[in-house]
Q: 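Please see the structure below; I have some questions.
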There are 2 protein chains.
Amino acid sequence: MNRQTLEKFYRLKLKKPLKSSAKRSLVVEYFMNRDRHFSVEELYNEIRKMNFKISYSTVYRTLNLLTKLGLARECIFKDGMLRFEPVHGPKHHDHLVCERCGKIIEFEEPKIEKLQEEVARRHKFLVDWHRMELYGLCAECRKKEKL
Amino acid sequence: MNRQTLEKFYRLKLKKPLKSSAKRSLVVEYFMNRDRHFSVEELYNEIRKMNFKISYSTVYRTLNLLTKLGLARECIFKDGMLRFEPVHGPKHHDHLVCERCGKIIEFEEPKIEKLQEEVARRHKFLVDWHRMELYGLCAECRKKEKL
DNA sequence: TAAAAAATGAAAATGATTTTCAAAATCAAA
DNA sequence: TTTGATTTTGAAAATCATTTTCATTTTTTA
């Protein structure tokens, strides 16, 4: 998604003008290159490392904007810290989180999604989003555990 | 669980002495009467409403203590705020969260748990805890929506 | 009962996120 | 284009839930 597309999209969705901005484009560009969840700090550091001057305010602001537009999604794990992930179409994935090394593995399990829908129906609940996280030890940390 | 049991348990588990304390017992007592997740503020207010003088520090400290002992469990929903729930044996439940009215409904679905175990096995992952939350509109809010 | 250790509350510290505000950048339109 | 209006920006301040500090009080132990 390029700058013009984003601006058009924004105008349509939020019915407010949006001025073109190099800084925001920078954040959007780096955001688009991500395919997994990331912390704000991670994105901020990545942009900084490339020698672009930018502030946390702008990174937060842009990510919140992308979330309002439905292009990003917040995901808060057990540590309570805000993370974002790009929304690629309707396919949803869940997470395995290693409590020792912090590694996060994504997975999909359509059979679980089916059962979730069933639970929702049972409660007459209309689900628009869900999350599922399994916390424990990853394969590597289990190996180390045994030594 | 009474005061002595808690203290014995604590000594065994954390190998440190624990002095008896009326304030802590108060928090433990009110905690034990809960059977669902609650925010720290809720518990604090409940105790205050009964005309007991207590500080947030003590409430937080006691809940953290109970968590270390495995009697309470933290659960952080999408709003990022810390909540606790009592751990009643090994049975785990998941949540339906209404994004309009904030209501939280608990449910259990053993078939989902089975599938989760399968996913974990596939990734050679050892799960010790999980959470699953479905966000959307509850039955009542859907009705209102339609009016 | 005295000395040692732990618990308490108030206030300060923390740390992630948001807001404020003055200056800079962008846009619209004359 | 220049003007004037509006938006964006970054730095610093504000926020807000949670944790820590520390002086005081309470409990325990000897």
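Letters A, B, ... are given to chains in the order of the sequence lines, protein chains preceding strands, and every chain is numbered from 1.
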Q: Taking only Lys NZ, Arg NE, NH1 and NH2, and the carboxylate oxygens of Asp or Glu, determine whether B:Glu109 and A:Arg122 approach each other closer than 4.0 Å.
A: yes
Q: Given atom CD1 of A:Ile54 and atom P of D:dA11, what is their separation to the nearest angstrom?
A: 11 Å
Q: Examine D:dT9: is either OP1 or OP2 under 4.0 Å from a nitrogen or oxygen in the side chain of A:Ser21? Give yes or no.
A: yes
Q: Please round to the nearest 0.5 Å and tell me the distance separating atom CD of B:Glu99 and atom CG of B:Asp79.
A: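 Between B:Glu99 CD and B:Asp79 CG, I get 11.0 Å after rounding to 0.5 Å.
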Q: Rounded to the nearest angstrom, tell me the gap between atom OH in A:Tyr44 and atom P in C:dT18.
A: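 Whole-Å distance recorded here is 16 Å.
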Q: Can you measure A:Asn64 atom CG to D:dT9 atom P for me and round it to whole angstrom units?
A: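 It is 13 Å, rounded to the nearest whole Å.
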Q: Base, sugar-phosphate or nothing for A:Ser57? Non-hydrogen atoms, less than 4.0 Å.
A: base
Q: Which whole-number value in Å describes the distance from B:Arg61 CZ to D:dT19 C1'?
A: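 It is 9 Å, rounded to the nearest whole Å.
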Q: For a quick test of reading the model: is some side-chain N or O of B:Ser20 closer than 4.0 Å to OP1 or OP2 of D:dT27?
A: no
Q: Where each residue is assigned the nucleotide of DNA chain D containing its nearest heavy atom, which of B:Tyr56 and A:Thr62 is assigned the position nearer the 5′ end?
A: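 Its nearest nucleotide being more 5', the pick is A:Thr62.
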Q: Show me the pairs that pass salt bridge (Lys or Arg N to Asp or Glu O under 4.0 Å) and involve residues 45-54 of chain B, at least two apart or across chains.
A: B:Arg34-B:Glu46
Q: Between A:Tyr60 and C:dT18, is there a contact of a side-chain N or O with OP1 or OP2 at under 4.0 Å?
A: no
Q: I'd like to know if A:Lys78 pairs up with B:Glu74 as an ion pair, taking the criterion as any Lys NZ or Arg NE/NH1/NH2 lying under 4.0 Å from an Asp or Glu carboxylate oxygen.
A: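 Here A:Lys78 does not pair with B:Glu74 in a salt bridge, since their nearest N and O are not under 4.0 Å apart.
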Q: For B:Glu74 and A:Val59, take the nucleotide of DNA chain D holding the closest heavy atom to each; which residue's nucleotide lies nearer the 5' end?
A: A:Val59
Q: Give the table of side-chain donor-acceptor pairs shorter than 3.5 Å for residues 58-65 of chain B, with sequence neighbours excluded, one pair per line with atom names and distance.
A:
from    : atom 1 : to      : atom 2 : distance (Å)
B:Thr58 : OG1    : B:Ser55 : OG     : 3.3
B:Thr62 : OG1    : B:Thr58 : O      : 2.8
B:Asn64 : ND2    : B:Tyr60 : O      : 3.3

Q: Compare the minimum distances between each of C:dA10, C:dA4, C:dT17 and the side chain of B:Lys19, then state the nucleotide with the smallest one.
A: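 Within the option list, the nearest is C:dA4.
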Q: Return the value, rounded to whole Å, for the distance between atom CZ of B:Arg24 and atom P of C:dT8.
A: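 Interatomic distance, CZ of B:Arg24 to P of C:dT8: 5 Å.
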Q: For B:Asn45 and D:dA17, what is the distance between atoms CG and P respectively, to the nearest whole Å?
A: 12 Å
Q: Could you work out which one of C:dT17, C:dT8, D:dT18 sits closest to the side chain of B:Lys23?
A: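 So the nucleotide nearest the side chain must be C:dT8.
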Q: Figure out the CD/C1' separation between A:Glu41 and C:dA16, and round it to whole Å.
A: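 About 10 Å, once rounded to whole Å.
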Q: Take the protein atom CD1 of B:Ile76 and the nucleotide atom P of C:dT17, then report the distance between them rounded to whole Å.
A: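 Rounded to the whole Å, the gap is 12 Å.
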